[in-house]
Amino acid sequence: MSSKTSYSQRKEKFETDSGIEIKNSYHQIPVANEQPGKFPFTRGVQEDMYRSKLWTMRQYAGFSTAEASNERYHYLLKNGTTGLSVAFDLPTQIGYDSDHDFADGEVGKAGVAIDSLRDIEILFKGIQLEQVSTSMTINSTASILLSMYIALAKKQGADLSKISGTIQNDILKEYAARGTYIYPPKPSMRIITDIFEYCSKEVPKWNTISISGYHIREAGSTAVQELAFTLANGKAYVKSAIDKGLDINVFAKRLSFFFNAHNNLFEEVAKFRAARRMWAKITQELGATDPRAMMLRFHTQTGGSTLTAQQPQNNIVRVTTQALSAVLGGTQSLHTNGYDEALALPTEESARIALRTQQIIAYESGVADTVDPLAGSYFVEALTNEIEEKAWEYIHKIDSMGGSVEAIEQGFMQDEIARSSYKYQEQIQSGEKIIVGVNKFLIEEKPVENLFTVDDSIRAKQIESIKQLKSERNNNDVHKHLQELEQAAKDGNNLMPIILKCSESYATLGEIANCLRHVFGEFKA
C-alpha cells in the first residue's frame, strides 16, 4: 500500500482575481534586503510606519445640502474621524449648477451639491481648515472646488502654507472608466499642471492630485490592471508637468494615489507593495533624485462594487477584510464603506460601524505594531513579484502606444476593463466564483428598513439659494473676472489665480465651468 497521501482539491486550479495561479505551497525565494522608508519603498514609505502615527481615518461623506453634510462631518469628527472626505453630487462633478436642466433628479444624490463659495462656507461651518485634512473626490471641476476651499481658508485667516488635503484631480481615469469629464484630454491636462504649479507655491502641503485606480477597479478591472493603468496615468501626469517646466523633485512630492481594496487579501497586499516599488522606479527614470519625490503615498477605499444588496450585514466582514489588506499593505489613509451602501447612502449607524472597523484594526488587532508584517512570506513576496511583472507588461504596451492619453483615445484601457468585467460576471453566473448570499448560502430576506434617502425637494432649495446669491453679489465683478478667465484660457496663462478671483466674487461653479467650455469645448466619447 502506498504511503503517499491522496486528496482531492476543491477546485482544479486556484487563482487570484487577476488570474495569477496560486501554488499549493511556496518555498524559499530570493527576497531583496529592502528597508522600510528606503528606495524602492516596497516595505513602506516610512521607517516606522504606524508605530509613530496611524493612517488617517477618513469617512467619505456628502449628501443633500451643505447644511446636512456639515452635520454629518461634525458627527464623524466627534466619533474619531481624523480626516474629512467629501463626496460631491454629479452636477457638481461635471460643472453644472443645481438650476441647470441636466441637474434635474441628481441634486444632492451622489454627494453634496456645491454651487458657489457660499455652499463651501456652509459645508465647513465650525471647522477650522488649518486643523483638518480634507480629501475631495472631484476631477473635471477640481480647480474650481480647490479655489473655493482656498477662498474659505483665506476668509478664516488660515495660514495657506498649513492647510492640507487632496483633490482627486485625475481626469484620465474619467475617460477610461468613470465618465465625469468635461473638456478634451489636452486642455484637461493643462488645467492639472496649472494646479501643480500654483499649489507648489501657494499651498505647499496640498496634494495636487490623487491618481486613482479606485474607479478603474470599480469599472471591472483586475488588480493588475488597476495597478498598471493607474501608474501609467501617473507617468503621463509627471511627463506633462515636466514638459511645462516644473521640477519633478518639487511637484512629485505632492502627488498621491487612490487604490481600491477588494476581497482577495493577499493579492491586495501584494498589489500595494508592488505599487510602491514600481512608482519609485518610474519616477527615478523620469529624473527624480529626491527620495521623497519617488515615494508612492496612497489612500485606500474598500470596494464599493463588492458590497451586496443581499444579506447586507455580510458587507461588514467584507469591509473588514479589505481594510485589513490596506493596513497590511501600508496605506496612508483609509475609508471604510458602510454595510448598507449597496442599497442607499450610509446611515449614521453604518458610518459609525465602518469607522469602528478601522479603530478596532488600529488599536486591537496588533497589525499596526510592526512595519510590513507580511514581508518575507514566501507567498506574499512571490505574489508581489508576479503582480509587478504583469503590470509592467501593460505599462510597456501603453508606452508603445504613446502613453496613457493615446491609449485611452484608442480605447485600449476601456476594452481591457470591459473584458475583465465580463469575465468576472461570467464566473459569478456560472458559480465558479462564489459570492456569499448572492449565488450561494441564500436565505429568505425581508426588505431592509430605515435606509437613508435624499428628498427631491433639495433641488428647489438650491435653486432658490442661487437666485438669492445672484441678487446679492457684485455681478459687475463676477462678469469682469469671468472675462479675465476666458482670456487667460486663450492665452495659456495659469488659470488658478483667476479661478480663485471668480470664486471669491461668488461666481457659481457652473459659470466658471461654462467659461472654460467656451474656450476648450467638451469631450465627446
Side-chain angles (χ1 to χ4, degrees), residues 17 55-63 69 72-73 75-76 79-89 109-112 135-137 166 168 177-178 210 212-221 223 226 257-265 267-269 271-272 298-329 331-362 365 424 435-438 448 450-454:
D17 290 339
W55 62 93
T56 301
M57 298 181 193
R58 298 189 188 277
Q59 285 307 113
Y60 188 47
F63 57 89
S69 292
R72 178 65 65 90
Y73 294 157
Y75 171 83
L76 291 170
N79 277 275
T81 291
T82 54
L84 297 177
S85 189
V86 186
F88 299 95
D89 71 1
K109 294 292 179 69
V112 62
S135 174
M136 296 191 279
T137 304
T166 305
Q168 192 166 107
R178 192 161 174 265
S210 177
S212 175
Y214 184 85
H215 302 99
I216 291 171
R217 192 69 174 278
E218 290 293 283
S221 80
E226 176 194 0
F257 288 79
F258 175 24
F259 287 114
N260 210 314
H262 272 221
N263 292 327
N264 193 313
L265 186 143
E267 181 172 46
E268 296 303 299
V269 172
K271 177 188 74 180
F272 299 134
F298 68 99
H299 168 70
T300 309
Q301 182 173 337
T302 56
S305 63
T306 69
L307 301 176
T308 64
Q310 301 91 330
Q311 301 178 38
Q313 289 184 329
N314 292 348
N315 294 326
I316 297 173
V317 182
R318 293 186 179 101
V319 168
T320 303
T321 303
Q322 294 163 8
L324 182 61
S325 77
V327 174
L328 290 170
T331 193
Q332 278 62 65
S333 170
L334 178 60
H335 163 79
T336 34
N337 290 328
Y339 70 85
D340 51 0
E341 287 189 61
L343 297 161
L345 291 168
T347 61
E348 284 194 353
E349 179 198 37
S350 67
R352 184 177 65 250
I353 290 170
L355 176 59
R356 294 290 182 258
T357 300
Q358 293 200 49
Q359 292 165 337
I360 289 168
I361 291 172
S365 72
Y424 185 80
I435 308 296
V436 174
V438 175
V448 179
N450 302 317
L451 293 174
F452 187 89
T453 57
V454 175

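Numbers here simply count residues along the sequence, with the first being 1.
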[X] side chain to [Y] backbone, donor-acceptor under 3.5 Å:
X      : Y      : result
Tyr424 : Asp17  : no
Thr82  : Met57  : yes
Gln322 : Gly303 : yes
Gln301 : His335 : no
Asn315 : Leu307 : no
Gln168 : Ser212 : no
Thr336 : Gln358 : no
Lys271 : Asn260 : yes

Flag side-chain contact, heavy atom, 4.5 Å: [X] against [Y]:
X      : Y      : answer
Trp55  : Thr300 : no
Val436 : Val317 : no
Pro312 : Asp340 : no

Atom of [X], atom of [Y] and distance for their closest heavy-atom approach:
X      : Y      : value
Glu226 : Tyr214 : OE2-N, 4.2 Å
Glu268 : Ser325 : CB-OG, 3.6 Å
Phe258 : Ser210 : CB-OG, 3.1 Å
Asn79  : Gln359 : O-NE2, 3.3 Å
Pro346 : Glu341 : CD-CG, 3.8 Å
Ala351 : Arg72  : CB-NH1, 4.2 Å

Verdict with reasoning, Leu328 to Leu265, per side-chain contact (heavy atoms from CB on, under 4.5 Å): CA-CA 9 Å; Leu328 290 170; Leu265 186 143; 4.2 Å; yes
Phe298 and Phe259 aromatic ring geometry - parallel, tilted or perpendicular at 30°/60° bounds: perpendicular
The single option from Leu345, Leu343, Thr347 passing side-chain contact (heavy atoms from CB on, under 4.5 Å) against Leu451: Leu343
Listed partners of Ser333 passing side-chain contact (heavy atoms from CB on, under 4.5 Å), at least two apart: Thr56, Arg58, His299
side-chain contact (heavy atoms from CB on, under 4.5 Å) partners for Ala110, two or more places apart: Leu90
Step-by-step side-chain contact (heavy atoms from CB on, under 4.5 Å) determination, Tyr339 to Glu349: CA-CA 10 Å; Tyr339 70 85; Glu349 179 198 37; 3.3 Å; yes
Listed partners of Phe88 passing ring pair (Phe, Tyr, Trp, His ring centres under 6.0 Å), at least two apart: none
Residues forming a ring pair (Phe, Tyr, Trp, His ring centres under 6.0 Å) with Tyr73, sequence neighbours excluded: none
Salt bridge (charged side-chain N to carboxylate O under 4.0 Å, His left out) against Arg178, all qualifying residues, sequence neighbours excluded: Glu174
Counterpart residues, salt bridge (charged side-chain N to carboxylate O under 4.0 Å, His left out), relative to Glu267 (two or more places apart): none
Derivation and outcome, side-chain contact (heavy atoms from CB on, under 4.5 Å), residues Arg318 and Ile435: CA-CA 11 Å; Arg318 293 186 179 101; Ile435 308 296; 3.9 Å; yes
Pairwise distance CD1(Ile360) to CG(Leu324) - rounded to 0.5 angstrom: 12.5 Å
Separation between CG of Asn450 and OG of Ser350, rounded to the nearest 0.5 Å: 11.5 Å
